[in-house]
Amino acid sequence: MKDIIQIKNISFNYPDQERLFTNFSMNIHEGEWTAIIGQNGSGKSTLARLIDGLIVLKSGQIVVDGLTVNDENIFDIRNKIGMVFQNPEDQFVGATVEDDVAFGLENRQIPREKMQQIVENSLKQVGMWDFRDRIPANLSGGQKQRVAIAGIIALSPKIIILDEATSMLDPRGRQEILKLVDKIKHDNDLTVISITHDIDEAAGADQVIVVNKGKVVEADQPDKIFGDINKLTSIGLSAPFTSELLSALRKRGVDSPSQYLNDQRLITWIKQLISSK
């Protein structure tokens, strides 16, 4: 499997602060959804900014789709990456939804007729075409994130980075955005990186990378990562609700699976358990 992002022995610290990363390495597989989780201050968001070149690397090397992140390649690299931030208002520059999605295309000097078609297609993909004349600041939190995602889709990146992009949404809005990104990922053959502290969000990824104190603690499939509650809690992370429920049932003498189950598989198991009684 090809690694679309390679992080090789990087070291980094902010001025007058302790070293955040020391000889840190990890890879992101092309075409997969990778969730990066860890405590606050573990460097998750810094990692996203280093990948996109928003922060200058001190030492080591980051390679994005064959290009080393440096001043020479930064424009080409940013064309490959679309970032959705925690607060979508930080990304808005247009007076209307339609203007905002068009902004990046205008910077690339896309012909107007083609640009209008791209904007329409992008807004329709996220279900926001009917809101094209609205002022972005007046939208709901979920609608704002949809517009931010439309602006990224319009630029046809190969990689989308969600930097705590759902943390300001309610549970329903969070699920809607995650389902939308998953659909866009499959429709456009994208690689998705989710920087998150939401364990249940990470549980839906193809790969989970656990970061703690500037090191990769573990990198594996969600089933392997979230099946070990003790390991998660030892580094200050909570376990998914389904894992906590199964653990509580085992303590009550119920013979329940030891591996991680997502919501759907848990419901199926509970139905089977009830029907067998």
**Student:** Around atom CG of D71, are there more than 12 heavy atoms from other residues, nucleotides or ligands closer than 6.0 Å?
**Tutor:** no
**Student:** So, for Q207 and A219, which heavy atoms are closest and what is the spacing to 0.1 Å?
**Tutor:** OE1-CB, 4.2 Å
**Student:** With side chain to side chain contact (heavy atoms under 4.5 Å, CB included) as the test, would you mind laying out the steps for I37 and F226 before giving the verdict?
**Tutor:** CA-CA 12 Å; I37 63 173; F226 297 126; 4.1 Å; yes
**Student:** Does the pair R174/D170 count as a salt bridge with the N-to-O cut at 4.0 Å?
**Tutor:** no
**Student:** Could you list the residues that satisfy side-chain contact (heavy atoms from CB on, under 4.5 Å) with F75, not counting sequence neighbours?
**Tutor:** N79
**Student:** Calculate, to the nearest 0.5 Å, the distance between atoms CD and NZ belonging to Q175 and K179 respectively.
**Tutor:** 6.5 Å
**Student:** Could you state the interatomic distance from CD1 (I118) to CG (L155), rounded to the nearest 0.5 Å?
**Tutor:** 8.5 Å
**Student:** Distance-only, no hydrogens or angles: does the D3 side chain make a donor-acceptor pair with backbone N or O of N27 under 3.5 Å?
**Tutor:** no
**Student:** Has N188 got more than 12 heavy atoms of other residues, nucleotides or ligands less than 6.0 Å from its CG?
**Tutor:** yes
**Student:** State plainly whether the residues R134 and D100 are in salt-bridge range, i.e. N to O under 4.0 Å.
**Tutor:** no
**Student:** Taking the side chain as everything from C-beta on, heavy atoms only, tell me whether I153 gets closer than 4.5 Å to V126.
**Tutor:** yes
**Student:** Looking only at side-chain N and O atoms, does N121 offer a donor or acceptor that is under 3.5 Å from a partner on Q125?
**Tutor:** no
**Student:** If two hydrophobic side chains count as joined below 4.5 Å and joins carry through other members, does L162 share a cluster with L180?
**Tutor:** yes
**Student:** Report the distance from atom CZ of F85 to atom CD1 of I161, rounding to the nearest 0.5 Å.
**Tutor:** 8.5 Å
**Student:** What donor-acceptor contacts under 3.5 angstrom involve side-chain atoms of residues 50-60, with partners at least two apart or in another chain?
**Tutor:**
none

**Student:** Are Q143 and S140 linked by a side-chain donor-acceptor pair shorter than 3.5 Å?
**Tutor:** yes
